[in-house]
Colleague: 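Below: one structure in structure tokens.
As the structure lists them, so they are numbered: ligands from 1, and atoms in each ligand from 1. Quantities reported herein were computed from a predicted structural model and do not represent experimental measurements. Quick note: residue numbers are just sequence positions, from 1.
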Amino acid sequence: MNETLTQLKDRFEQALVAAFGDELAGTDPILVPASNSKFGDYQSNVAMSLAKKLGKPPRAIAEQIIQQLDVADFCHPPVVAGAGFINLALKTSYLEAQLHAIHTDPRLGVARSQHPQRVIVDYPSPNIAKEVHVGLLRPSVIGDCLARILEFLGHDVIRLSHIGDWGTPFGMLIAYLREAYPEALKESNDIDLGDLSSFYKAARKRFDADEAFQERARLAVVQLQAGDEETIQAWKIVCDLSNRTNRKIYDWMGLSPEIQERGESFYNPLLLGVIEELDRLGLLVKDSGAKCVFLDGFTNKEGKPLPLIVQKSDGGYNYATTDLAAIRYRTEVDQAQRVIYPVGAEQTNHFAQIFQVGRRAGWITDEVEFFYAPLGSILGEDGKKLKSRSGEAVRLIDLLNEAIAHARNDLETRLKEEGRQETEAFIANVANVVGIGAIKYADLSQNRTSSYIFNYDKMLALQGNTAPYMLYAYVRVQGISRKGEINFAELGTDAAIVLQDEAEFTLAKHLLQLDEILSAVEIDLLPNRLCEYLFELSKKFNQFYDRLPILQAEEPQRTSRLILADLTARTIELGLSLLGISVLERM
Ligand code: ARG
């Protein structure tokens with residue numbers, strides 16, 4: 001109802017000027033959703049805020065405003081209440097017309113942004129040469145969702161995976177491959193990352209235990225940085241393998257296929273330029289051999305300014321240098337206007353520091369927004385970071401598989417209870433969609449900055465703010481269409497929508513809010529708002545469904561209610577798709 005709000009705002013501004021003169025032009029009418037639906041749909045609190053300025057009691061001001069307020073085309077006559085609130089209730093005819101408009105709109109009334117931007121979303125950005133573990137879940141799911149929403153709103157979205165594909169771990173890995181599995185470097189196709197991950201562990205063991213090996217690993221890093229051909233080839237094999245395996249996981253999770261790998265190594269040729277530019281700008285300071293930038297507002301334990309090291313004393317660059325090069329590249333070459341980093345909250349300082357240096361170097365200007373979206377952790381039942389039984393990080397594949405297994409188990413129990421026979425293909429598909437959808441939804445429905453406890457039973461529950469609850473509401477609507485042999489697509493665009501019952505009004509008004517919710521997410525990048533919206537929608541639909549006959553209703557209610565049901569299903573489908581979750585026709 002964004003559009004409604006904009007219109008109301010305009011009318012209020014006109015009324016304020018008409019009542020009190022030009023000096024009130026541009027006054028914010030302080031319009032908010034009504035605190036209680038008894039009072040209507042919106043209320044304005046402007047009269048209270050003007051009492052002092054105008055030297056009048058708020059109620060008198062409110063009365064004067066409503067005498068000038070012309071909203072008859074979409075509201076009932078405004079009413080002054082309480083201390084001086086102005087209550088507004090939308091007319092039924094207006095709501096019906098709005099619903100009709102979204103019913104015939106494939107975008108369900110969601111407008112495209114009037115200021116489309118080029119947006120980079122930096123995700124999922126794993127460190128490769130290591131098997132993907134649960135730590136990658138939140139960046140993947142949240143990054144993917146934000147990219148989808150911004151793209152739907154008309155922005156030009158570039159998905160960049162800033163993979164950790166360079167540095168010391170590769171030295172260790174290359175040295176170990178050379179030593180233990182020289183043939184593996186040649187027949188890369190026969191190794192999967194499962195093998196590589198045990199190689200990694202073995203390499204780590206060798207590294208920790210043997211000094212000569214450490215030396216060889218260090219040498220491999222030097223060779224890698226020097227561009228030695230054989231070493232680069234070994235490194236490429238490792239990267240390819242990791243990326244291929246990761247891609248399979250992304251596909252399985254339903255992440256966008258548009259993710260581009262642009263890893264740390266991509267910026268190698270640009271690092272020297274970063275150092276030179278910082279030096280030229282006079283930001284670079286040599287501190288015990290290392291080159292650094294002293295940060296404003298960051299101090300060490302002794303209260304001294306903290307340095308951000310950009311080149312170590314041995315000449316090597318680090319994570320921060322690479323990210324500075326990326327900042328520069330993203331503004332200067334990619335011409336991004338917004339760059340979003342959904343990354344674990346433990347990197348808060350890192351991002352504050354590189355953004356500060358980026359700003360001081362002039363790579364971040366007022367024309368571009370760098371948005372770090374810190375992510376809370378996924379916790380086990382004990383409230384500590386989720387670990388496997390053996391105390392190691394949980395592999396992402398295991399987590400997904402287990403969710404699917406739980407979903408299958410729940411489904412098979414339910415099928416038995418309901419005495420239903422279904423094919424294996426049906427069961428496998430439902431378990432897959434529900435299992436993965438539940439994991440994603442559980443993650444997205446939390447405020448991204450908070451940590452949450454990972455629990456299969458909770459995320460798979462058929463009741464509550466879960467994916468299965470939303471999917472079930474969608475399936476209910478499809479059930480109506482099957483039972484009544486109704487093709488929703490053929491519900492004529494000339495069919496009338498009639499609102500009479502309270503449950504119809506409640507559902508209808510909620511359906512009209514999608515646009516407003518997505519506009520809010522566009523700004524604050526909090527997908528849990530969309531989850532909350534869909535949860536409310538499903539609840540309101542279920543109340544409507546439990547209370548009112550649909551297929552058995554007389555016309556014109558029958559068609560009107562079918563349209564409301566169809567709109568609900570389409571809104572859920574669109575909303576879930578923006579969260580990266582598919583729907584099911586039956587479950
Ligand atoms: N690979 C990093 C890690 O796993 C995350 C990278 C986030 N993106 C960035 N531009 N720093 O910690």
Side-chain angles (χ1 to χ4, degrees), residues 119-147 157-170 173 193 197 200 235 238-239 242-243 245-247 249-250 255 259-268 270-271 274 308-310 317-334 336 338-359 361 363-364 368-378 385-386 392-396 448-449 451 525:
V119 183
I120 290 176
V121 186
D122 180 314
Y123 86 99
S125 310
N127 293 326
I128 62 170
K130 222 183 179 181
E131 208 157 19
V132 163
H133 62 87
V134 61
L136 202 69
L137 182 65
R138 294 208 89 181
S140 305
V141 169
I142 293 174
D144 206 54
C145 167
L146 295 176
V157 175
I158 309 177
R159 298 157 165 91
L160 294 181
S161 187
H162 190 82
I163 49 183
D165 62 354
W166 199 251
T168 338
F170 286 88
L173 198 55
L193 197 68
S197 105
Y200 187 87
W235 166 75
V238 176
C239 292
S242 298
N243 288 338
T245 312
N246 291 351
R247 203 41 88 155
I249 303 180
Y250 301 167
L255 301 190
I259 297 171
Q260 299 174 39
E261 262 118 30
R262 196 195 274 172
E264 296 180 7
S265 64
F266 175 88
Y267 301 98
N268 283 347
L270 309 172
L271 300 177
V274 165
L308 177 72
I309 297 176
V310 290
Y317 303 104
N318 55 27
Y319 186 49
T321 330
T322 305
D323 254 329
L324 287 172
I327 287 176
R328 194 176 182 190
Y329 196 89
R330 289 167 181 186
T331 53
E332 291 177 1
V333 182
D334 295 323
R338 198 177 193 197
V339 187
I340 301 167
Y341 300 80
V343 181
E346 58 284 349
Q347 296 198 27
T348 301
N349 276 340
H350 167 73
F351 283 101
Q353 294 173 352
I354 59 164
F355 290 173
Q356 179 189 123
V357 174
R359 222 169 288 121
W363 301 325
I364 301 182
V368 41
E369 180 190 13
F370 275 73
F371 194 120
Y372 167 53
L375 309 177
S377 309
I378 301 181
K385 267 201 178 179
L386 191 66
E392 292 160 35
V394 180
R395 301 195 320 165
L396 187 52
R448 59 172 162 68
T449 57
S451 300
L525 307 178

Colleague: What I want to find out is whether Asp122 reaches Arg330 closely enough, with some N-O distance under 4.0 Å, to be called a salt bridge.
Modeller: yes
Colleague: Per the side-chain contact (heavy atoms from CB on, under 4.5 Å) rule, which among Leu173, Asn243, Ile128 passes with Val238?
Modeller: Leu173
Colleague: With Arg359, which residues qualify under salt bridge (Lys or Arg N to Asp or Glu O under 4.0 Å), at least two apart?
Modeller: none
Colleague: Tell me if the aromatic rings of Tyr267 and His162 count as close, with their centers under 6.0 Å from one another.
Modeller: yes
Colleague: Looking only at the aromatic ring of each residue, does the gap between the centers of Phe371 and Tyr341 stay below 6.0 angstrom?
Modeller: no
Colleague: If you count only heavy atoms, which residues are under 4.0 Å from ligand 1?
Modeller: Asp122, Ser125, Asn127, His162, Tyr319, Asp323, Tyr341, Val343, Gln347, Phe351
Colleague: Considering only heavy atoms from C-beta outward, does the side chain of Cys239 approach that of Phe170 to under 4.5 Å?
Modeller: yes
